[in-house]
Number of protein chains: 2
Amino acid sequence: MSVDFIHTAALLKALADPVRASIMHILSCGEVCVCQLHQYFTISQPTLSHHLSILRKHKLITTRKEGKWSYHSVNATTVKELSRLLDEIFIPGSECLCHTIRQVECSLPLRQDA
Amino acid sequence: MSVDFIHTAALLKALADPVRASIMHILSCGEVCVCQLHQYFTISQPTLSHHLSILRKHKLITTRKEGKWSYHSVNATTVKELSRLLDEIFIPGSECLCHTIRQVECSLPLRQDA
DNA sequence: CGCACACATAGATAAACGTCAATATGAAGA
DNA sequence: TCTTCATATTGACGTTTATCTATGTGTGCG
């Protein structure tokens with residue numbers, strides 16, 4: 001059970017950190033190199049690198065290397081997928097799990113008015 | 001820094017769990033009582049109760065008690081706020097942090113084409 | 001009252017996470 | 001080649017998280 005949302009939860013978790021959410025926000029206007037991100041945050045360089053690697057692992061960002069520098073930018077495809085996954089959670093549909101759930105007997109009938 | 005996204009990250013983290021995402025999905029069609037949720041998942045009753053309390057703490061759900069039973073439903077206000085917070089991350093705007101970031105000197109000029 | 005049921009709370013535990021200092025890698029310049 | 005700079009990797013450490021068992025709380029029923 002709850003298998004369907006493992007991927008959704010993993011992607012959300014990748015974003016569910018103040019530093020990583022900030023990074024995504026900063027990158028939303030275009031690519032930025034690590035050294036500039038580093039100067040903005042108060043965290044150490046390895047910590048920032050770690051956060052970037054998590055975002056990269058979940059394909060939320062892509063990295064372009066140019067000489068010594070690394071430029072990071074938002075991966076729009078994954079961002080769109082995230083949006084779709086959120087709709088999957090919140091927008092009720094015919095395939096919703098609730099239909100199975102509601103057939104299970106509880107001791108009281110469920111109200112349908114909510 | 002990155003203070004602005006602390007609340008956003010906390011709300012995302014509340015949702016960033018397979019069980020909790022599933023609960024939100026099931027609740028999206030209307031209120032359901034705990035005993036029915038419990039029969040769906042393979043986790044223990046205290047664990048489910050714990051997940052529900054996290055969702056409640058972050059106002060993602062509301063609880064209505066009726067006799068011995070607890071009925072849970074989605075708090076649409078918070079879901080809308082979550083959507084707004086995600087837009088705040090991903091939709092570039094004039095107040096974006098990147099404008100401050102980009103003024104910091106890196107050793108190379110930044111490209112604006114990404 | 002006394003018991004059973006639905007759910008919450010407390011406490012313990014193992015795994016995951018965020019962070020840092022130290023070190024490695026790899027590219028550019030002297 | 002040697003050094004410096006930008007970034008990644010490693011390894012350690014304290015905190016948080018998800019889970020369980022055991023227990024508490026409150027409701028309804030006989």
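Residue numbering restarts at 1 for every chain, and letters A, B, ... go by the order of the sequence lines.
- Atom CG in B:L48 sits roughly 13 Å away from atom C1' in D:dA18 (whole-Å rounding).
- Spacing between atom CD of B:E66 and atom P of C:dC7 amounts to 12 Å, rounded to whole angstrom units.
- No contact: B:H38 has no heavy atom under 4.0 Å from any strand.
- We find that CD1 of B:I61 is positioned 13 Å from C1' of C:dA8, with the value rounded to whole Å.
- Among the candidates B:L11, B:V74, B:I61, B:L15, the single residue satisfying the side chain to side chain contact (heavy atoms under 4.5 Å, CB included) test with B:V79 is B:V74.
- Side-chain N/O atoms of B:T47 include none lying less than 4.0 angstrom from OP1 or OP2 on D:dT19.
- Side-chain atoms of A:S49 lie closest to D:dA8 of the nucleotides C:dT19, C:dC7, D:dA8.
- Residue contacts shown for A:S70 are limited to sugar-phosphate atoms, with no base heavy atom under 4.0 Å away.
- Which of D:dA18, C:dT19, C:dC7 sits closest to the side chain of B:R20 comes down to D:dA18.
- Nearer the 5' end of DNA chain D, as judged by each residue's closest nucleotide, is the contact made by B:H50, out of B:P46 and B:H50.
- The nearest whole Å value for the distance from the NZ atom in A:K65 to the P atom in D:dA6 is 13 Å.
- At least one side-chain heavy atom of B:H51 sits under 4.5 Å from a side-chain heavy atom of B:I43.
- Among the nucleotides C:dC20, D:dT19, C:dA28, the one closest to the side chain of A:I43 is C:dC20.
- You'll find that the side chain of B:K68 is closest to C:dC5, out of D:dC20, C:dC7, C:dC5.
- Side-chain atoms of B:T8 do not come within 3.5 Å of backbone N or O of B:L85 as any donor-acceptor pair.
- Taking only side-chain atoms of B:D17, from C-beta outward, the nucleotide of D:dA6, D:dA18, D:dG28 with the closest atom is D:dA18.
- The CD1-C1' distance, from A:I54 to C:dA16, rounds to 11 Å in whole Å.
- Taking atom CD1 of B:I6 as the reference point, atom P of D:dT16 lies 13 Å away to the nearest angstrom.
- Not one side-chain nitrogen or oxygen of B:H72 sits closer than 4.0 Å to the OP1 or OP2 atom of C:dC7.
- Listed nucleotides: D:dA8, C:dT19, C:dC7. Nearest to the side chain of A:Q45: D:dA8.
- Atom pair B:L52:CG and C:dA8:C1' shows a separation of 11 Å (rounding to whole Å applied).
- In this structure the side chain of B:R20 never reaches within 4.5 angstrom of the side chain of B:H58, judged on heavy atoms.
- Judged by distance alone, the side chain of A:S49 and the main-chain N or O of A:P46 form no donor-acceptor pair under 3.5 Å.
- In this structure, of D:dC20, D:dT7, C:dC7, it is C:dC7 that holds the atom nearest to the side chain of B:V34.
- When rounded to the nearest whole Å, the span between CZ of B:R64 and P of D:dT27 equals 15 Å.
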